[in-house]
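Remember, it's 1-based here, ligands and their atoms both numbered in the order they're listed.
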Amino acid sequence: MTTLYTRELEIAQLAVQRAAILTKRVFHEKAKGTVSKDDKSPVTIGDFGAQALIIAALRANFPHDAIVAEEEAAQLREDAGLRELIWGLVQETRLEDVGAEGLLGGGVKDVEDMLEVIDLGRSEGGRRGRVWTLDPIDGTKGFLRGGQYALALALLEDGDVKVGVLGCPNLPVDDAAPLAADIGSDHQTDDEGRGVIFSAVVGQGATSRPLGTGALTEGKKISMKTVTDMASASFCESVEAGHSNQSESAQIAQRLGITKPSVRMDSQAKYGSIARGAGDIYLRLPTSKTYQEKIWDHAGGDLIVREAGGQVTDTKGQRLDFGVGRTLASNSGVIAAPAGVHGQVLEVVQQVLGLK
Ligand SMILES: Nc1ncnc2c1ncn2[C@@H]1O[C@H](COP(=O)(O)OS(=O)(=O)O)[C@@H](OP(=O)(O)O)[C@H]1O
Ligand SMILES: [Mg+2]
Ligand SMILES: [Mg+2]
Ligand SMILES: [Mg+2]
């Protein structure tokens with residue numbers, strides 16, 4: 001009998017939900033109006049705090065699993081003020097539901113233990129065994145401007161994504177809500193109707209549910225839209241021009257006959273948005289030969305899109321390979337689209353990039 005990953009999914013979702021309580025609090029109390037990620041910036045506090053809370057839950061429940069996470073504690077070891085600030089937040093953050101909080105177990109003993117917990121995320125990853133990958137705040141720029149960001153957690157087994165969870169505090173709960181660009185939208189004063197967790201287990205489909213503050217509420221199956229007419233399709237890409245080549249994506253859209261402008265959004269909220277049919281295609285085109293994408297920026301989204309009826313490859317048409325270490329060293333770019341049109345999109349991407 002195959003493993004159902006029921007417990008992994010539940011713990012991952014609750015851990016993400018709890019950490020989102022911290023990131024939202026940090027945003028409301030500290031982040032408004034801040035624009036950069038300097039040493040003491042709110043996003044730094046949110047990054048470390050969320051990483052500590054999520055890894056503490058993984059340590060208590062799955063003590064033998066390896067973890068590949070974005071942040072490491074070195075900076076905190078140097079800075080007592082920052083360390084104490086984060087420790088205060090970590091201690092105070094609890095799920096409202098006592099049973100749900102109890103399921104997460106363990107906890108963090110003291111400041112030193114918090115640093116150790118953060119550094120449990122330093123695994124090199126690889127092809128063997130169970131490896132969790134975590135981005136405590138994906139889309140740091142989005143977080144700071146009150147736009148899209150995600151708490152991203154996934155479980156790999158022998159290099160394959162088995163469980164993916166994306167907590168998106170600023171996306172609409174409603175799967176049918178229209179896709180909105182990050183820039184120019186003002187989410188900063190309005191939490192109502194926002195906050196969603198996307199999740200998927202391999203072979204079991206993808207789900208969305210409201211991002212609450214207590215026990216998990218019931219999930220709904222999500223699926224990608226079937227694209228029958230490219231003229232009305234929509235595509236998402238990064239906000240930052242340095243993260244994806246936007247002049248090439250514009251040419252690709254034009255050749256495909258897509259008439260709408262791209263929706264530019266930070267973070268893996270892009271994967272969640274196309275998985276629930278709010279958008280159709282996610283393009284991330286390499287901007288430099290040297291930057292290697294990180295596994296925590298894609299693992300959860302990759303599984304959620306594939307389980308919702310999509311295909312995810314790089315620009316060479318190869319599946320993303322999460323088993324080569326902390327980066328996607330053998331891939332280049334990302335093309336995520338409904339299975340029915342992925343081949344057509346890939347073809348045009350390869351023409352425009354001169355790959356064929
Ligand atoms: N040069 C370069 N090229 C490609 N990707 C890069 C690059 N530099 C950073 N990153 C990673 O991009 C993550 C954010 O991706 P997004 O798609 O959200 O980008 S954007 O913020 O919307 O522009 C971002 O994740 P976070 O650090 O978690 O925000 C980075 O891991
Ligand atoms: Mg990231
Ligand atoms: Mg991050
Ligand atoms: Mg970062």
Side-chain angles (χ1 to χ4, degrees), residues 12 15-16 19-20 22-24 26-27 31 34-55 58 67-76 82 86 118-123 125 131-154 156 161 164-171 182 198 236-244 264-273 282 284 286-288 291-305 312 320 322 325-329 331 333-334 336:
V16 159
L22 182 146
T23 62
K24 284 194 287 189
V26 170
F27 176 75
T34 325
V35 289
S36 71
K37 178 171 178 166
D38 60 29
D39 284 359
K40 285 206 176 51
S41 85
V43 71
T44 305
I45 301 167
D47 272 332
F48 285 126
Q51 180 157 324
L53 282 169
I54 291 173
I55 297 186
L58 297 179
I67 302 167
V68 173
E70 183 180 6
E71 312 299 337
E72 42 181 274
Q75 183 191 347
L76 293 187
L82 182 60
I86 296 166
I118 290 170
D119 274 343
L120 287 176
R122 294 172 71 179
S123 160
V131 180
W132 292 89
T133 185
L134 168 65
D135 191 341
I137 294 185
D138 178 36
T140 46
K141 300 251 174 73
F143 172 81
L144 287 168
R145 80 165 84 80
Q148 294 313 324
Y149 72 99
L151 296 93
L153 180 62
L156 312 172
V161 199
V165 173
L166 294 176
C168 300
N170 288 338
L171 271 185
D182 250 7
F198 299 107
C236 320
E237 61 183 339
S238 292
V239 176
E240 299 291 314
H243 292 183
S244 180
R264 290 168 57 192
M265 192 185 265
D266 292 281
S267 86
Q268 288 180 71
K270 293 186 276 295
Y271 282 109
S273 295
Y282 169 20
R284 190 175 184 90
T287 52
S288 83
Y291 185 78
Q292 290 182 344
E293 296 287 344
K294 308 298 189 285
I295 62 170
W296 54 79
D297 283 327
H298 300 281
D302 171 86
L303 182 67
I304 289 164
V305 164
V312 184
L320 303 186
F322 296 97
R326 291 174 67 91
T327 70
L328 293 170
N331 294 113
V334 178

Requested in this report: Answer yes or no for W296: is there an N/O/S atom below the 2.8 Å cut-off from the Mg ion (ligand 3)?
Outcome: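 No - counting backbone and side chain alike, W296 has no N, O or S atom under 2.8 Å.
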Query raised in the report: Do any of the N/O/S atoms of D135, backbone or side chain, fall under 2.8 Å from the Mg ion (ligand 3)?
Result: yes
**Report entry** E71 near the Mg ion (ligand 4): N/O/S under 2.8 Å
**Finding:** no
**Report entry** Pair E70 + K294, salt bridge at N-O below 4.0 Å
**Finding:**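 Not counted as a salt bridge, because no side-chain N and carboxylate O are separated by less than 4.0 Å.
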Query raised in the report: About how large, to 10 degrees, is the angle OE1 of E70, then the Mg ion (ligand 3), then O of I137?
Result: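 Nearest ten degrees: 160°.
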Query raised in the report: Please state the angle at the Mg ion (ligand 2) spanned by OD1 of D138 and OD1 of D297: what is it, rounded to 10 degrees?
Result: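 Taking the Mg ion (ligand 2) as the apex, the two atoms subtend 90°.
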Query - V239 and K141, any side-chain heavy atoms less than 4.5 Å apart - result: no
Query raised in the report: L153 versus T133: any side-chain heavy-atom pair under 4.5 Å?
Result: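 With C-beta onward as the side chain, the pair stays apart.
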Query raised in the report: Of H243, R264, R284, which meets side chain to side chain donor-acceptor pair (under 3.5 Å) against S238?
Result: R284
Query raised in the report: Can you check whether A20's main-chain N or O pairs, donor with acceptor, with T23's side chain at less than 3.5 Å?
Result: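 Yes, T23 side chain to A20 backbone: donor-acceptor pair under 3.5 Å.
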